[in-house]
Peer 1: 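Quick one: the structure is below, and I'll ask about it shortly.
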Amino acid sequence: MIRTPAELYVKLISDFDLSEHILCDLHKPCNKSNGRRCKSVMTNPIIDFDEVKTEYQRGKSGNPKSSVDGFIYKNQLCCFVELKGWADFLTFHTNPDTLQTEIEKQADKYDLNKKLMDSMSICREVSENADIFKDVSIAFILVTDIDVDEDGTMELYSNLMDLAETSSDWEIICNRELKGKLLSLPSDISTYYIKCQKFDETLSKL
């Protein structure tokens, strides 16, 4: 019976014949085929959990499950990773009269709780252990590709601004709306909201 995060990771790779990736590969604008956007890329291996979901559901009937983008572990910690990019969105949505509403509507599409719950359900079935997460910790790492304010000013700006005009102002609104989605997750789940370039550093501190 699968009991540990490491065993689960190996089981997923084995059962679905997966290759390991790096985080950059899971974000389409940054994968190899589209050219790396950053001078330095992430190095930690990670499972593409969308591939897991696709193979898991092959031939199954019923409503399709949602899934997070990636799965990685560290010791007794299972990390579910979701990427949500804003850089391209802000490139193609430029009308200042409607942009805030468009950002809010885009963020409203994201059901992070369902993604996590469905992904955990898949893991339970694959591991054949309904209690696989009973004695391990769970982290949900929400990753974006724009700067993430970490000094507390984001809340100040988001409360004061009714109209935003600069790109940094729009990023503040994107961060506010996306980070707020983490509130839908169970309180016993550790959550992190980071810029993609901080992924390896964040994992090293868990």
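Counting begins at 1 with the first residue of the sequence. Any value given below was found using the heavy atoms of this structure, including those in side chains, with hydrogens, waters and symmetry copies removed.
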Peer 1: Search all heavy atoms of Q76 against all heavy atoms of V136 and return the closest pair with its distance.
Peer 2: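 Distance-wise, the nearest heavy atoms are O-CB, 3.4 Å.
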Peer 1: Using modelled atom types only, decide if a donor and an acceptor are shared between the side chain of N175 and the backbone of E171 within a distance under 3.5 Å.
Peer 2: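 Looks like yes, one N/O pair under 3.5 Å.
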Peer 1: May I ask you to decide if the ring planes of F49 and F80 are parallel, tilted or perpendicular, using 30° and 60° as cut-offs?
Peer 2: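 Ring orientation, 0 to 90° scale: perpendicular.
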Peer 1: How far apart are the closest heavy atoms of K114 and S66, and which atoms are they?
Peer 2: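 Closest heavy-atom pair between K114 and S66: CE-OG, 3.3 Å.
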Peer 1: Do R3 and E7 sit within salt-bridge range, that is, some charged N less than 4.0 Å from a carboxylate O?
Peer 2: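 Salt bridge absent between R3 and E7.
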Peer 1: If you take all heavy atoms of L112 and S184, which pair is closest and at what distance?
Peer 2: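 Closest approach of L112 to S184: CB-OG, 4.3 Å.
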Peer 1: Working to the nearest 0.5 angstrom, can you tell me the gap between D169 CG and I172 CD1?
Peer 2: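 Reported to 0.5 Å precision, the distance equals 5.0 Å.
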Peer 1: Short question: side chain of T191, backbone of L182 - any donor-acceptor pair under 3.5 Å?
Peer 2: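 Here the side-chain-to-backbone pair does not exist.
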Peer 1: I'd like to know if the side chain of E82 reaches the main chain of D69, judged simply by a donor and an acceptor atom lying under 3.5 Å from each other, with no hydrogens or angles considered.
Peer 2: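 A pair under 3.5 Å: yes.
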Peer 1: Relative to each other, are the rings of F89 and H93 parallel, tilted or perpendicular (30° and 60° limits)?
Peer 2: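 Geometry flag for H93 against F89: parallel rings.
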Peer 1: Determine whether K198 and V148 satisfy the following criterion, side-chain contact (heavy atoms from CB on, under 4.5 Å), listing intermediate values before the conclusion.
Peer 2: CA-CA 10 Å; K198 295 287 187 179; V148 174; over 6 Å; no
Peer 1: Taking all heavy atoms of L206 and all of C79, pick out the closest pair and write down the distance.
Peer 2: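 Nearest pair, atom of L206 first, then C79: CD1-SG, 3.9 Å.
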Peer 1: Run the salt-bridge test on K195 and D145 with the 4.0 Å N-O cut-off and return the result as yes or no.
Peer 2: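 Not counted as a salt bridge, because no side-chain N and carboxylate O are separated by less than 4.0 Å.
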Peer 1: Side chains of L142 and I194, heavy atoms from C-beta outward: is any pair under 4.5 Å?
Peer 2: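 L142 vs I194: side chains apart.
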Peer 1: Minimum heavy-atom separation for N44 to D200, with atom names?
Peer 2: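 Closest pair (atom of N44, atom of D200, distance): ND2-OD1, 2.7 Å.
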Peer 1: Tell me if a side-chain donor or acceptor on K74 pairs with a main-chain N or O of L203 at a distance below 3.5 Å.
Peer 2: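 Here the side-chain-to-backbone pair exists.
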Peer 1: As an exercise, state the distance from OG of S67 to CG of D48, rounded to the nearest 0.5 Å.
Peer 2: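 Spacing of OG (S67) from CG (D48) equals 8.0 Å.
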Peer 1: Give, for atom CD1 of I47 and atom NE2 of H21, the distance between the pair rounded to the nearest 0.5 Å.
Peer 2: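 Reported value, rounded in 0.5 Å steps: 9.0 Å.
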Peer 1: Is there a donor-acceptor pair closer than 3.5 Å between any side-chain N or O of S14 and the backbone N or O of V10?
Peer 2: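 Not a single qualifying donor-acceptor pair exists.
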Peer 1: Step by step, work out the side-chain contact (heavy atoms from CB on, under 4.5 Å) result for L99 and T94.
Peer 2: CA-CA 7 Å; L99 186 49; T94 58; over 6 Å; no
Peer 1: Would you confirm whether E128, through its side chain, and I2, through its main-chain N or O, come within 3.5 Å as a donor-acceptor pair?
Peer 2: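 Here the side-chain-to-backbone pair does not exist.
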Peer 1: Would the distance check show the side chain of S121 and the main-chain N or O of M117 forming a donor-acceptor pair, the cut-off being under 3.5 Å?
Peer 2: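 It does not hold such a pair.
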Peer 1: To the nearest 0.5 Å, tell me how far K11 NZ sits from F16 CZ.
Peer 2: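 Answer rounded to 0.5 Å: 8.5 Å.
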Peer 1: Just wondering, do L8 and T4 contact through their side chains at under 4.5 Å, heavy atoms?
Peer 2: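 A side-chain contact under 4.5 Å is absent here.
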Peer 1: Where is the tightest heavy-atom contact between C24 and M42, given as atom of each residue plus distance?
Peer 2: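 Scanning both residues completely, I find the closest heavy atoms to be SG-N, 3.5 Å.
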Peer 1: Under 3.5 Å, is there a donor-acceptor pair between the E125 and Y56 side chains?
Peer 2: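 Y56 and E125 do have a side-chain donor-acceptor pair below 3.5 Å.
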Peer 1: In Å and rounded to the nearest 0.5 Å, what is the CD1 to CG distance from I189 to N113?
Peer 2: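 Nearest 0.5 Å value for the CD1-CG distance: 9.0 Å.
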Peer 1: Got a second to check how far C196's SG is from K84's NZ, nearest 0.5 Å?
Peer 2: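 That separation rounds to 14.5 Å.
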Peer 1: Check for me whether the distance between the ring centres of Y192 and F140 falls short of 6.0 Å.
Peer 2: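 For Y192 and F140, the ring centres are not under 6.0 Å apart.
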